[in-house]
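So the structure is just underneath, and the comments pick up after that.
Predicted model only: the values in this text are computed from it and were never measured.
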Amino acid sequence: MTTTIDEARIKELTEKEGEKLNAKLGKSHEMYDRARKHLCNGVASSYQLRDPWPIYVDRGQGAKMWDVDGNEYYDFNNGFGAMLQGHANPIIAEAVNDRFSKGSHFAMPDWDDVVVAEELTERFGLPKWRFNNSGSESTMDAIRIARAYTHRDHIMKIFGSYHGHHDAVMISISEDYNNIGDRYHLKSLPYGAGIPKATVELTVPVPFNDLDALEHRIEEMEAAGEAPACLIMEACLMNMSIVPPEPGYLEGVREVTKKHGIVLIFDEVKTGLTVGPGGATKLFGVTPDMVTIAKSLAGGLPSGAIGGSDEVMSVVEDGSVYQVGTFSGNPLSMAAARASLEKVLTPAAYEHLDRMNQRLMDGCSAIIKKYDFPGYAQGFGAKGCVTFSPHKITDYVSFRKGQNAALNQLAWLYQANRGVYMAPGREEEWTLSVAHDEKACDTYLAAFEEMAHDLAN
């Protein structure tokens, strides 16, 4: 029987650890006071916020980074999963410097575009590619292509999943919803202000790991003359901790979407290249009609990619869809991506990532067992986490019932105060880099065990 953790004890330790961390962040506090005068909230993105003030970074090298106060951290966030190659990777630095010396932007194709497309085809099994600058652009473009290909307006997504910050997918994401409907009729709910009602109504959420609910909703939409153009989904959810597909689920999704003429899009912005050389597509052995990739593609430079079948991408090739962008295929980003794919993310690199991730998960599992802690370790490739839930998470509803946001926050503070920077937020996972080693993993495990010990005593 898993021990129930005293909420008062969590609060007590959170206050203690929070005060300890804030005392080390004086220069960040000063920078925040200056930054918020002209930078909204003092940050470039709302996801960079932290209460009571953000941590401002100075530099990174390999598996480590340093903030402006000189505090040193093993970086287990890695730019929300973008730095799989490690900070200031010398191979990528050489490629970018060489490319910069020849010109950094032309808005014209170059040879690296071709090589990167060939590499991604080999890894993901989809023959046609286009590039852009971010995960949000990738999912936005993929949805537009799917709509053009099917001549349909409505789209489907998984309730609780995040696919970028454009209007069509900023629907039914947050944990703050109290009344979300039943599994057959989950509600379309805007994530923040500024999203038109008409757009909200075009996006229909369905639960993860539930084929029955998916097909039921599709049939209802078809009967109403609102058949969906696409289902955009992560093959393995990555923003509710980590939620893998149940056996047979992805195969069933592939069959159902084909049956109803729906474009299946795997959003691999988080999983692509991190969970394995061919992302979740190859890991789980199910090939969608399209994939979207970003984050770890170009070693920290802004980049994104859309891969698709010949049939679906035909609407781009015949000019029906304008997939455009001044910085799409930027030479610096493509040089970095090529160097990463050819020289950094090698079979040996993935073997190393698998070993380090297994070391972390085995260590976390042992600590959980030792202290009868509510949670379990989960991960693939460079991605992993401890899910603080007394029961297995399979979808948004079970996540809501099991999550302990206060415990997540305490875990983040324990790590930060002991030299490990984790992804902020109650649902994020760690991302290792090729530079992470046993010492980095053991530093994480020591901080986790100290927290478990303190909560138990």
Side-chain angles (χ1 to χ4, degrees), residues 21 24-32 35 39 42-45 47-50 53-100 104 133-135 269-270 273-274 294-303 330 332-333 335-337 339-341 343-345 349 352-353 356-357 360 381-384 412-425 428-444 447:
L21 180 60
K24 299 190 291 185
L25 299 174
K27 289 185 179 179
S28 275
H29 194 183
E30 292 174 8
M31 188 171 287
Y32 173 63
L39 193 60
V43 293
S45 164
Y47 285 164
Q48 296 172 9
L49 287 169
R50 171 191 168 270
W53 60 82
I55 298 175
Y56 291 86
V57 70
D58 178 50
R59 69 192 191 281
Q61 183 70 48
K64 291 185 175 182
M65 69 173 188
W66 292 260
D67 65 25
V68 294
D69 286 278
N71 298 306
E72 179 181 298
Y73 310 86
Y74 282 111
D75 191 357
F76 277 65
N77 177 24
N78 272 313
F80 284 109
M83 300 307 301
L84 182 64
Q85 303 82 354
H87 297 295
N89 184 290
I91 293 173
I92 293 175
E94 181 182 4
V96 173
N97 287 334
D98 180 66
R99 177 66 260 185
F100 187 84
S104 60
N133 307 288
S134 71
V269 169
K270 283 196 169 187
L273 304 177
T274 60
K295 290 193 186 293
S296 60
L297 176 60
L301 275 73
S303 63
N330 171 263
L332 298 181
S333 295
S340 176
L341 292 168
K343 301 177 181 179
V344 180
L345 301 182
H352 173 75
L353 289 168
M356 294 304 100
N357 210 29
L360 277 168
K383 294 280 191 177
W412 187 91
L413 287 167
Y414 261 77
Q415 295 292 347
N417 277 324
R418 291 153 186 83
V420 175
Y421 188 80
M422 284 294 296
E428 293 291 343
E429 70 290 330
W430 66 63
T431 304
L432 302 179
S433 77
V434 296
H436 280 67
D437 57 14
E438 289 86 354
K439 187 177 179 181
C441 296
D442 292 348
T443 302
Y444 176 96

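- In terms of heavy-atom proximity, Ala416 sits nearest to Leu21 at CB-CD2, 4.1 Å.
- The environment of OH in Tyr47 is crowded: more than 12 heavy-atom neighbours from other residues, nucleotides or ligands sit within 6.0 Å.
- With rounding to the nearest 0.5 angstrom, the CG atom of Asp98 is 10.5 Å from the CG atom of Leu332.
- Among residues two or more places apart in sequence or in another chain, the salt bridge (charged side-chain N to carboxylate O under 4.0 Å, His left out) test is passed with Glu72 by Lys64.
- Every residue two or more places apart in sequence or in another chain that forms a side-chain hydrogen bond (donor to acceptor under 3.5 Å, both in side chains) with Arg418 is listed here: Glu17, Glu450.
- Note that CE of Met422 is 8.0 Å distant from CZ of Phe76, once rounded to the nearest 0.5 Å.
- Here the straight-line distance linking atom CE of Met65 with atom CZ of Arg59 works out to 11.5 Å at 0.5 Å rounding.
- Shown here for Ala294 and Ser134, the closest heavy-atom pair between the two residues is CB-C, 3.7 Å.
- Annotation: side chain of Cys441 is in contact with side chain of Met356 (closest heavy-atom distance under 4.5 Å).
- Between atom CH2 of residue Trp430 and atom CG of residue Leu360 there is a gap of 4.5 Å, rounded to the nearest 0.5 Å.
- Rounding to the nearest 0.5 angstrom, the gap separating the OG1 atom in Thr274 from the CG atom in Leu432 is 10.0 Å.
- The shortest heavy-atom contact between Gly135 and Val269 is CA-CG2, 3.7 Å.
- With sequence neighbours excluded, the residues satisfying side chain to side chain contact (heavy atoms under 4.5 Å, CB included) with Asp69 are Leu25, Lys27, Ser28, Asp67, Asn71.
- No donor-acceptor pair under 3.5 Å is formed between the side chain of Asn133 and the backbone N or O of Pro302.
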Indicate every side-chain donor-acceptor pair of residues 80-95 with a distance under 3.5 Å to a residue at least two apart or in another chain.
from  : atom 1 : to     : atom 2 : distance (Å)
Gln85 : NE2    : Ser296 : O      : 2.7
Gln85 : NE2    : Ser340 : OG     : 2.9
His87 : NE2    : Asp75  : OD2    : 2.8
Asn89 : OD1    : Ile91  : N      : 2.9
Asn89 : OD1    : Ile92  : N      : 3.3
Asn89 : ND2    : Gln85  : O      : 2.9

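- Between the Ser104 side chain and the Phe100 main chain, no donor and acceptor come within less than 3.5 Å of each other.
- Checked by atom type and distance alone, the side chain of Gln415 never pairs as donor or acceptor with a backbone atom of Ala447 at under 3.5 Å.
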Test side-chain contact (heavy atoms from CB on, under 4.5 Å) applied to Tyr73 and Val57, step by step: CA-CA 11 Å; Tyr73 310 86; Val57 70; over 6 Å; no
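- Of all heavy-atom pairs between Gly62 and Ser433, the closest is O-OG, 4.3 Å.
- Between Ala298 and Ala336, the shortest heavy-atom contact is O-CB, 3.3 Å.
- By the salt bridge (charged side-chain N to carboxylate O under 4.0 Å, His left out) test, Lys295 pairs with no residue at all, sequence neighbours left out.
- Nearest approach of Ser303 to Leu297, heavy atoms of both residues: OG-CB, 3.7 Å.
- Rounding to the nearest 0.5 Å places CG of Leu273 at 11.0 Å from CG of Leu353.
- By the side chain to side chain contact (heavy atoms under 4.5 Å, CB included) test, Met31 pairs with Tyr56, Val68, sequence neighbours left out.
- Side-chain contact check for Pro424 versus Asn77: some heavy-atom pair is nearer than 4.5 Å.
- Using the six-membered ring where Trp is involved, Tyr74 and His436 have ring planes that are tilted, between 30° and 60° apart.
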